Each structure stands twice: as C-alpha cells, then as structure tokens.
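Since the structure is predicted, the reported quantities are computational estimates derived from the model, not experimental observations. We count residues from 1, following the sequence as given. Read the numbers this way: they start at 1 and go in the same order the structure lists the ligands and their atoms.
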Amino acid sequence: MPAPTIRCPICGKEVAFDDPNMPFCSDRCRLLDLGNWAAEKYVISAPARSNELEERDDTPEPPEGRSR
Ligand SMILES: [Zn+2]
C-alpha cells in the first residue's frame with residue numbers, strides 16, 4: 001500500500017500527509033482555495049440576506065385562499 005494521501009481540493013492531485021501545503025498540493029492551490037472561499041463567502045452573504053427576507057415575507061401568507 002502506498003503512503004496515505006489526500007486529494008487536493010483544487011486540482012484533485014494526490015498530496016502526501018506530511019506535505020507542508022496540506023491539504024493542497026502546492027502553495028498555488030492553497031492560494032486559489034483561499035480566493036475561492038473568499039469569493040464564495042462574498043457571493044453567499046449578499047443574496048442570502050435578501051432570500052431570508054423574502055422567505056420570511058412569504059411565510060405568514062399561505063397560498064390557500066381559505067379565509068372565506
Ligand atoms: Zn492542487
């Protein structure tokens with residue numbers, strides 16, 4: 001059996017457990033992941049709020065027209 005490795009989440013390359021860049025295969029992939037993470041966080045935080053507000057606004061009014 002080969003030495004235990006993990007997959008780089010960026011490029012899928014196998015990375016040794018004692019690699020200093022773990023879990024990334026290289027410093028480049030680590031920076032890329034940081035960038036992705038920051039971008040995702042930024043993208044999520046903006047629409048998530050308006051989504052929550054919309055959902056809250058929608059909840060008190062059920063689609064059933066059963067008030068009569
Ligand atoms: Zn990589």
Open item on the list: So which atom in V15 and which in D19 form the shortest heavy-atom distance, rounded to 0.1 Å?
Closed with: CG1-CB, 3.6 Å

Open item on the list: Between M22 and I6, does the side-chain contact (heavy atoms from CB on, under 4.5 Å) criterion hold? Intermediate values first, please.
Closed with: CA-CA 8 Å; M22 242 251 309; I6 56 166; 3.2 Å; yes

Task: Worked verdict on R7 versus K13 for side-chain contact (heavy atoms from CB on, under 4.5 Å) - done: CA-CA 5 Å; R7 295 250 166 153; K13 201 172 153 185; over 6 Å; no

- [ ] Decide yes or no on side-chain contact (heavy atoms from CB on, under 4.5 Å) for F17 and T5, but give the supporting numbers first.
- [x] CA-CA 6 Å; F17 264 102; T5 55; 5.6 Å; no

TODO: State the CG-OG distance between L31 and S26, to the nearest 0.5 angstrom.
DONE: 8.5 Å

Open item on the list: Under 4.0 Å between a side-chain nitrogen and a carboxylate oxygen: does that hold for R30 and D27?
Closed with: yes

TODO: Anything protein N/O/S under 2.8 Å from the Zn ion (ligand 1)? Just list residue and atom, please.
DONE: C8 SG, C11 SG, C25 SG, C29 SG

